[in-house]
Amino acid sequence: MRTHETPAETDTADLIAGKTITFDELTAELGAIELRLRQLARAAETPATPVEVADAIDSLRSSASTVRELRDRMGLLSRIVEGDVPLAAAFPTGDPWGVAARGTDRTEFGGPAIVPTMWQLIKLAQDGKRAAAGGRETTTYPEAMAGIGIGWESKAASARRRRERDAAVTVEVLRIACEKCGAGDGEQCRTAKGWATEKPHVGRQREAETTVDAALGYLGDNPVAVPDA
C-alpha cells in the first residue's frame, strides 16, 4: 500500500466547483467514470492488434458495475443531505443521531453517532420511509445536523494528514543532532556498538515531533485545526 500521493492525485480542482466536493458532484463524476469504463470495454472488443482481451473486457465491465453501485449510493446521499429524503429520528435501538446524539454514550457502538456514516444514513432513509408511511415522526438531514460540520474532518483525511505528519517527522529527525549517540545532520542514529539504526533515539524523535507538530498545528496525535474549515 502506498503511503504518499502524487501531485496528480492531489489536484482535484477540476472536480470541485466550490471549496469542497458535494455528493452531487461525486455522483456526476462517478457516472462519467462508469460510462468511460463501459466505452473502453466496448472499444476493446475490436483492438487494432489481434490479441484476445476478453478477460480485460470483463474486468472493465465488472469495475463499471461497481462504480455504478457507488454512484447510486452517492446519488441517494445527495438527496439525503439536501433534505429531500425523510429519515428516522433514531436508530432501531432508539439511539439518537446528529445534534440529538451529543452528550449520549451509545457505548455498544463505539460512541455517539454525531456524524453518521453513509450506511447509517441509508438505513435511516429506509426506516424513515416506513415511518412516514405509518404516520410516525421523521426528520431530515439538515434538521438533524444543524450546527454540525464546522471543523469536522473525515477519517480518511485525518489519516492522510497523519501520514504526512509522520513523513515530515522522519525528515526532521535527520536535521537534528542526537544528544544520545552523537549522530549529526543527515546521519542515522547508532547503537552502543556503532550499528546504524532507522529507529532514532527518543530525545531526537521527540524534538523532531515537537518541531513538526508546531509547524503543522498538531497537539499530540490530534490536529488542532482543520485547514480551510
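Bear in mind that the values here come from a model prediction, so they are computed numbers and not experimental data.
- The list of salt bridge (charged side-chain N to carboxylate O under 4.0 Å, His left out) pairs with a residue in residues 34-58, not counting sequence neighbours, reads E34-R38, E34-R68, E34-R71, R42-E45, E45-R61.
- Of the residues listed (R160, R162, R161), the one engaging E164 in a side chain to side chain donor-acceptor pair (under 3.5 Å) is R160, and it is the only one.
- In this structure, V51 belongs to a hydrophobic cluster whose other members, linked by side-chain heavy atoms under 4.5 Å apart, are V53, I57.
- For the salt bridge (charged side-chain N to carboxylate O under 4.0 Å, His left out) condition, no pair includes a residue of residues 23-32, sequence neighbours left out.
- At a threshold of 4.5 Å between non-hydrogen side-chain atoms, the residues T27 and L30 do not count as touching.
- When the salt bridge (charged side-chain N to carboxylate O under 4.0 Å, His left out) test is applied to K129, no partner is found at least two apart in sequence or on another chain.
- One side chain, T6 or E9, offers a donor N or O that lies under 3.5 Å from an acceptor on the other.
- Inter-residue side-chain proximity for T104 and D95 is flagged as unmet; no heavy-atom pair is nearer than 4.5 Å.
- Within the 4.5 Å cutoff, no side-chain heavy atoms of R204 are placed close to those of E207.
- Between D166 and R163 there is no salt bridge, since no side-chain nitrogen of the basic residue lies less than 4.0 Å from a carboxylate oxygen of the acidic one.
- With sequence neighbours excluded, the residues forming a salt bridge (charged side-chain N to carboxylate O under 4.0 Å, His left out) with R175 are E172, listed by chain and number.
- In this structure the side chain of Q205 reaches within 4.5 angstrom of the side chain of V173, judged on heavy atoms.
- With contacts defined as side-chain heavy-atom distances shorter than 4.5 Å, the pair K123/P92 qualifies.
- In the hydrophobic clustering, where aliphatic and aromatic side chains (Ile, Leu, Val, Met, Phe, Trp, Tyr) are joined below 4.5 Å either directly or transitively, I176 stands alone.
- For R106 and F91, the positive end sits near the middle of the six-membered ring, less than 6.0 Å away and at most 45° from its axis.
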